[in-house]
Participant: 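Below are the structure tokens for one structure; questions will follow.
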Amino acid sequence: MRIAIIGGGAAGLAAAIGAARARTDDQDEIMILEKMDRVGRKILATGNGRCNISNEDMDVSHYHPDPAFVEKVFTQVTPADVLEFWESLGLELVSEEGRLYPASLQASAVLDALRAEAERLGVRTACETPVDQIVPGKKGFRLVSQGRDLGRFHRVIITAGGKASPQFGADGDGIKLAAGLHHGYAGLRPALVRLKCRNPYLKSLAGCKIQAGARLSISGHTVQTGAGEILFTAEGLSGPPILDLSREALAPGAEAVIHLNLEPGMREGECFWWLQQRCTRFSYMNLPAMLAGILNKRLIGPLLKSCGLGDIPCGSVSKPQVQKLARLLQDWEFPVIGDAGWREAQVTVGGVLTEEVDPATMESIKCPGIFWAGEVLNIDGDCGGYNLHWAAASGLLAGHTAALPNDKD
Ligand SMILES: Cc1cc2nc3c(=O)[nH]c(=O)nc-3n(C[C@H](O)[C@H](O)[C@H](O)COP(=O)(O)OP(=O)(O)OC[C@H]3O[C@@H](n4cnc5c(N)ncnc54)[C@H](O)[C@@H]3O)c2cc1C
């Protein structure tokens, strides 16, 4: 039997290893066909080069838009199975607040381990081989790369990724291949991406990092909240909580606003009384000096200007002015006007419809013999190791089942 894997990212490498470990005949050929000059380029960029590989909290609510599909996949390849898989490659994992990383904190260790195991198991790899056509035949599929016939394969696992960060290889080919096979797919849009926002003070705030709460409202209704490190950029907001909110903020037609809470530990009234007390106690100071004791200095000018205040003594600040400032500290609005684009996106929303794939095997319901795994599917996970975990779990399952002989062989 010949098995082709289109795309040598995390899902493709996991699929190749899964297939090689499950094959019943040593003569079965497993081949990764990779468009780039080397496999796994995206893995090297993950987790800021540290590769946040998984998470201790594997609740399927971290996956969208079809957590029930993910749950079914995770009953076949459980979160524990995936951790055992990494361990079987010689990788020890360490936890940082629930996020799992390789002990070396080096993404290259993950890629090296995947490549070494694939090689040890005799998986063949052809780089600079973009597959652009899959022609179904009587017994399997003929694959074509730039007009070149790559031969016939009994099974084809498509792990060509989505469209996020195309500089690492995946730029929407998976969806073109899906369309060629008459698969349905949900339209693609970027997620886990920096947001562009409207606020007159962004340029002066660019580069400033703070710990804050972040709330996303759509058409005035709160839809999601988060907290953590927020980064101001010249065009908008970034940082883990913002990346997590980006999925919903960028939904088509959404009138999205990010509300920053610089004092998330306090209730609304508490913040007002606290500021009022400080104004009384430090009445001899001017406002910026008083605020410098509680806020990042770079925020003070923009905040004061936003509520029409300036360099005035704390003793002369009126109650309504303190109220206005307190409200702003806990609800600083940044209307969303766009995103930083595909090159900066970490993940793709949309992809091959899960309704057309069997979650027990990852085999296409529309086109038996074709298997799907990873980001090419209409599944995306939150920030925190969920996407690499999905790539590994779905890849292992696809590889395992693709390698098992069936009646039609
Ligand atoms: C900067 C960045 C940081 C990230 N950090 C994290 C993190 O810390 N934790 C986490 O869980 N997730 C992270 N992600 C997301 C995660 O990396 C991806 O979801 C995951 O790698 C997807 O794996 P995949 O194998 O499905 O797709 P990809 O990794 O995109 O692999 C697809 C492969 O297919 C190849 N290919 C495409 N088309 C063809 C074709 N026609 N023929 C042959 N080959 C083709 C591509 O070149 C590529 O090698 C990050 C993503 C980015 C961009």
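For the numbers below, each heavy atom of this structure counts, side chains included, while hydrogens, waters and symmetry mates do not.
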Participant: Could you walk me through whether Phe334 and Trp332 satisfy the ring-ring contact (aromatic ring centres under 6.0 Å, His included) test, starting with their C-alpha distance in whole Å, then the side-chain angles of each, then the deciding distance to 0.1 Å, before giving a yes or no?
Facilitator: CA-CA 7 Å; Phe334 294 80; Trp332 196 5; 5.1 Å; yes
Participant: Would you say Asp339 and Arg194 make side-chain contact, with heavy atoms under 4.5 Å?
Facilitator: no
Participant: Quick one about Asp28 and His154 (side-chain donor to acceptor, distance below 3.5 Å, no hydrogens or angles considered), yes or no?
Facilitator: no
Participant: Applying side-chain hydrogen bond (donor to acceptor under 3.5 Å, both in side chains), which residue pairs with at least one partner in residues 387-398 are found, sequence neighbours left out?
Facilitator: Ser54-His389
Participant: Within a strict 4.5 Å, meaning less than it, do heavy atoms of the Pro136 and Arg142 side chains meet?
Facilitator: no
Participant: Heavy-atom count check: over 12 atoms from other residues, nucleotides or ligands less than 6.0 Å from Gln211 CD?
Facilitator: yes
Participant: How close do Gly310 and Pro288 get, counting heavy atoms only, and between which atoms?
Facilitator: O-CD, 4.1 Å
Participant: Within the 4.5 Å heavy-atom criterion, are Leu205 and Lys203 side-chain neighbours or not?
Facilitator: no
Participant: Under a 3.5 Å cutoff, is there a donor and acceptor pairing between the side chains of Glu255 and Ser219?
Facilitator: no
Participant: Looking at Gln167, I'd like to know if its CD atom is crowded, meaning that more than 12 non-hydrogen atoms belonging to other residues, nucleotides or ligands lie closer than 6.0 Å.
Facilitator: yes
Participant: Asp380 and His64: side-chain donor and acceptor closer than 3.5 Å?
Facilitator: no
Participant: Do Tyr101 and Cys51 have side chains that get closer than 4.5 Å, going by heavy atoms?
Facilitator: no
Participant: Counting only heavy atoms not in Asp37 (residues, nucleotides, ligands), do more than 12 fall under 6.0 Å from its CG?
Facilitator: yes
Participant: Under the salt bridge (charged side-chain N to carboxylate O under 4.0 Å, His left out) rule, collect the residues that match up with Asp132, sequence neighbours excluded.
Facilitator: none
Participant: Would Asn55 and His62 count as having a side-chain donor-acceptor pair, cut-off 3.5 Å?
Facilitator: no
Participant: Can the positive tip of Arg2 be found less than 6.0 Å from the middle of the six-membered ring of Phe153, inside 45° of the ring normal?
Facilitator: yes
Participant: Scan side-chain atoms only and decide if Thr125 and Arg115 contain a donor-acceptor pair under the 3.5 Å cut-off.
Facilitator: no
Participant: Got more than 12 heavy atoms from elsewhere within 6.0 Å of CD, Glu71?
Facilitator: no
Participant: Looking at Asp25, I want to see if its CG is surrounded by more than 12 non-hydrogen atoms of other residues, nucleotides or ligands under 6.0 Å.
Facilitator: yes
Participant: If you define the side chain from C-beta out and look only at heavy atoms, does anything of Leu114 sit under 4.5 Å from Ile43?
Facilitator: yes
